[in-house]
2 protein chains.
Amino acid sequence: MSQPKKMNIPLVAPIKCSQCPIRHRAVCARCDDDELILLESMKTYRSFAAGDVILWRGEPLEFVASVVSGVATLSKTMEDGRTQMVGLLLPSDFIGRPGREQIDFDVTATVDVTLCCFDRTRFEKLVNETPHIAQRLMELALDELDAARDWMLLLGRKTAREKIATFIEMLARRSSHGLDGSSDVIDLHMTRDQIANYLGLTLETVSRQFSAFKKDGVIGFTDRKHFTVEDMAALQEETGDDADGGVVY
Amino acid sequence: MSQPKKMNIPLVAPIKCSQCPIRHRAVCARCDDDELILLESMKTYRSFAAGDVILWRGEPLEFVASVVSGVATLSKTMEDGRTQMVGLLLPSDFIGRPGREQIDFDVTATVDVTLCCFDRTRFEKLVNETPHIAQRLMELALDELDAARDWMLLLGRKTAREKIATFIEMLARRSSHGLDGSSDVIDLHMTRDQIANYLGLTLETVSRQFSAFKKDGVIGFTDRKHFTVEDMAALQEETGDDADGGVVY
DNA sequence: AATTTGCCTTGATACAGATCAAAGAATCAT
DNA sequence: ATGATTCTTTGATCTGTATCAAGGCAAATT
């Protein structure tokens, strides 16, 4: 009954742009109705199971895409196997870049992922003709750049404890549904090993720091993949980040 | 005769866009003659001495700019003083982003810098009206993003020796004037401390690794700020990067 | 139910790089 | 020139995190 994991049926029937959950945040955010009709005719949906590689480094890039649902990661691997995640793609984030026919990292689905794909060369043409899209793509790229820079500070200067605190705080912020009601159960989609690759640590250190925060009453685990934040103020304090935006009076 | 360091005369007479050294690579790369005339009427030049802070984190952003000459760095500092450089700006690189009125890092001139500045709000308007510029800005952002991701791998996973090798190799590649004639003298514009902040190390470790590479005959110092690469192959090997682009056959 | 497999935790130990310290160049100011 | 300051090197020691190793738990498979 269950499908074999690597079965190759990535294509899925797309939903209407007008009903698309990422309509107002993705690369198409600024498009008017005419432009949407055009995009609608170009797009195809593809799905990937958790763990599947979406794109290999160096592989010719046939399509660019927006993440519709799920989470994907960008990662780089050294010859001896050391790997570092260099990006996290959430719904509305964009994969690929116009003007380059390959990428320099692997893209992997960490949970089931659905992508809204466009043929790369056709999309490039569209970018050149459609200012809205180029502008939105610019904004998305600049947002990712901001995130990458925060991550560089984390990787270069934060201690293991600060890294884990920052990571937990990020998850807490993301999964709080608008409100900052703290004691929701947070899902830790990734394995300890993936978290380690994200934070520039080993999986053992990740495990130890989680245990330490649990012992200190900052978080509580309901099971290995789910936890609650018990003391948000303490967590914030441990991240090493400024409480405010860094504005000094 | 010499001017006091902090004297506030940043404004300088701009040169013509048509003669501008970064004309074909900066944000204005794709602009046609009409657009250039418009930009010409908007732009002002500002100069900063080595060591000057160009923009403070959180400060309201009055202008955006292209680097015309010199080198500037982007850096983030934690409350306790730990700092991490998160970007290096070379001629043609862009400072600031349309749609945001402050930035989350400090921008500092490491050597004397000249900027081609545009009033931020006027520039934003121009971006909205001029697809060329949004496209070019997107490309610049994506290039920076690629660089940031390489840097994340370095910060998260490379050893001190690999970090220094990567840094030296980058300088060597940049300062080789087109040719790969190796034994040019390379200028190490930055202090050991700045290099440490760039690589996520301490200045002592930077110094030790330089000494180690010198002892191993990989590089030779002519003075503390100038060196030559004696063994490029060995240097490449030490970076930990794939020799090729990662293409496996 | 028993077994396998993958993931996680915890302990013991090693080591790379940080920290502390001091002295040696180079640059700057007088 | 002379002294002051800043930057750099090198040494000694410490420590946070990696590494090595073993066992535990839970889900998947038989």
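- Closest to the side chain of K225(B), out of dT8(D), dT19(D), dC20(C), is dT8(D).
- Residues R161(A) and D216(A) are paired through a salt bridge, judged by an N-O separation under 4.0 Å between the basic side chain and the carboxylate.
- F227(A) places its CZ atom 16 Å from the C1' atom of dC8(C), with the value rounded to the nearest Å.
- We find that CZ of F221(A) is positioned 15 Å from C1' of dC25(D), with the value rounded to whole Å.
- Between T205(A) and R157(A), the residue whose closest nucleotide on DNA chain C is further toward the 5' end is T205(A).
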Pair E162(A), R82(B) - check salt bridge (Lys or Arg N to Asp or Glu O under 4.0 Å), show working. CA-CA 13 Å; E162(A) 288 170 336; R82(B) 283 175 282 174; 2.7 Å; yes

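- F213(A) places its CZ atom 15 Å from the P atom of dT10(C), with the value rounded to the nearest Å.
- In the set dC7(C), dT17(D), dT8(D), the nucleotide with an atom closest to the side chain of T191(B) is dT8(D).
- Going from atom CZ of R208(A) over to atom C1' of dA22(D) covers 13 Å, rounded to whole Å.
- The side chain of R192(B) has dT8(D) as its nearest neighbour among dG17(C), dT8(D), dT10(C).
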N/O contacts under 3.5 Å, protein versus nucleotides 25-27 of chain C?
| from | atom 1 | to | atom 2 | distance (Å) |
| --- | --- | --- | --- | --- |
| dA26(C) | O4' | R224(B) | NH2 | 3.4 |

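- Taking for each of E204(A) and S207(B) the nucleotide of DNA chain D with the nearest heavy atom, the 5'-most of the two is the partner of S207(B).
- Following rounding to the nearest Å, K214(A) (NZ) and dT10(C) (C1') show an atom-to-atom distance of 12 Å.
- Distances shorter than 4.0 Å separate none of the side-chain N or O atoms of T159(B) from OP1 or OP2 on dA16(C).
- Salt bridge status for R25(B) with D143(B): absent, with no side-chain N to carboxylate O gap under 4.0 Å.
- Between dT10(C) and S211(A), a contact under 4.0 Å exists linking OP1 or OP2 to a side-chain N or O.
- Taking the six-membered ring where tryptophan is involved, the planes of F221(B) and F227(B) are tilted, since the angle between them lies from 30° to 60°.
- Atom pair L201(B):CG and dT19(C):P shows a separation of 11 Å (rounding to whole Å applied).
- As judged by a 4.0 angstrom heavy-atom cut-off over every strand, L203(B) is placed among the base-contacting residues.
- At whole-Å resolution of the value, CG in L199(A) and C1' in dT17(D) are 14 Å apart.
- In E59(A), the CD atom is crowded: over 12 heavy atoms of neighbouring residues, nucleotides or ligands sit closer than 6.0 Å.
- The cationic atom of R46(A) (NZ for Lys, CZ for Arg) lies less than 6.0 Å from the six-membered ring centre of F63(A) and within 45° of the ring axis.
- Going from atom CZ of R82(A) over to atom P of dA18(D) covers 12 Å, rounded to whole Å.
- The closest side-chain heavy-atom distance from Y45(B) to L115(B) is not below 4.5 Å.
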